[in-house]
Amino acid sequence: MTKSELIARLAAHFPQLIASDAELAVKMILDAMTRSLSLGQRIEIRGFGSFGLNYRPLRVGRNPKSGEKVQVPAKQVPHFKAGKELRERVDVKKQ
């Protein structure tokens, strides 16, 4: 699902919301999540999952075109871990 599909579904599910209000709500939530992660905070949404940061240390990589060794800098990358309820709902066995 894309961001625009999420906005369209919210607007359809809640008829009192106009599309611009749904868009603003989604944008505010995503901006708050981005801001929290950029500050190094963890985000937990009960029943859905948690977002955190994983540290990737400095390493030596290779340029695939030339084969030359390249230093890849250390960085923090976002990481999502699905919650138990989400895992169970996705893993419903088809009978």
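For the single chain, residues carry numbers from 1 onward in sequence order.
- One distance of note links CD1 of Ile45 with CG of Leu86; it measures 10.5 Å at 0.5 Å rounding.
- By the neighbour-count criterion of 12 heavy atoms within 6.0 Å, atom CZ of Arg87 is densely surrounded, having more than that number from other residues, nucleotides or ligands.
- Of all the heavy atoms in Ile7 and Ala22, the pair that sits closest is O-CB, 3.9 Å.
- Taking Ile, Leu, Val, Met, Phe, Trp and Tyr as hydrophobic and joining them when side-chain heavy atoms fall under 4.5 Å apart, one finds Met28 in a cluster with Leu24.
- Leu10 and Leu30 fall within a single hydrophobic cluster, where Ile, Leu, Val, Met, Phe, Trp and Tyr are joined by side-chain heavy atoms under 4.5 Å apart, directly or via other members.
- Applying the salt bridge (Lys or Arg N to Asp or Glu O under 4.0 Å) test to residues at least two apart or on different chains, none of the pairs has a partner in residues 61-76.
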Are Gln76 and Asn54 close enough, and set up right, to give a side-chain contact (heavy atoms from CB on, under 4.5 Å), and what steps lead you there? CA-CA 6 Å; Gln76 296 276 352; Asn54 280 353; 5.9 Å; no
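- Within the structure, the ring-ring contact (aromatic ring centres under 6.0 Å, His included) test picks out the following pairs touching residues 24-64 (sequence neighbours left out): Phe48-Phe80, Phe51-Phe80.
- Judged as a ring-ring contact (aromatic ring centres under 6.0 Å, His included), not a single pair has a partner in residues 5-25 (not counting sequence neighbours).
- Contact between Leu58 and Val72 at its shortest, heavy atoms only, is CD1-O, 3.2 Å.
- Thr34 pairs by the side-chain hydrogen bond (donor to acceptor under 3.5 Å, both in side chains) definition with nothing, not counting sequence neighbours.
- Sorted by first then second residue, the salt bridge (Lys or Arg N to Asp or Glu O under 4.0 Å) pairs that include residues 21-50, not counting sequence neighbours, are Lys27-Asp31, Arg42-Glu44, Glu44-Arg46.
- In this structure, Met33 and Ile43 approach most closely via the heavy-atom pair O-CD1, 3.4 Å.
- Here the closest non-hydrogen pair linking Ala11 and Ala19 is CB-CA, 4.2 Å.
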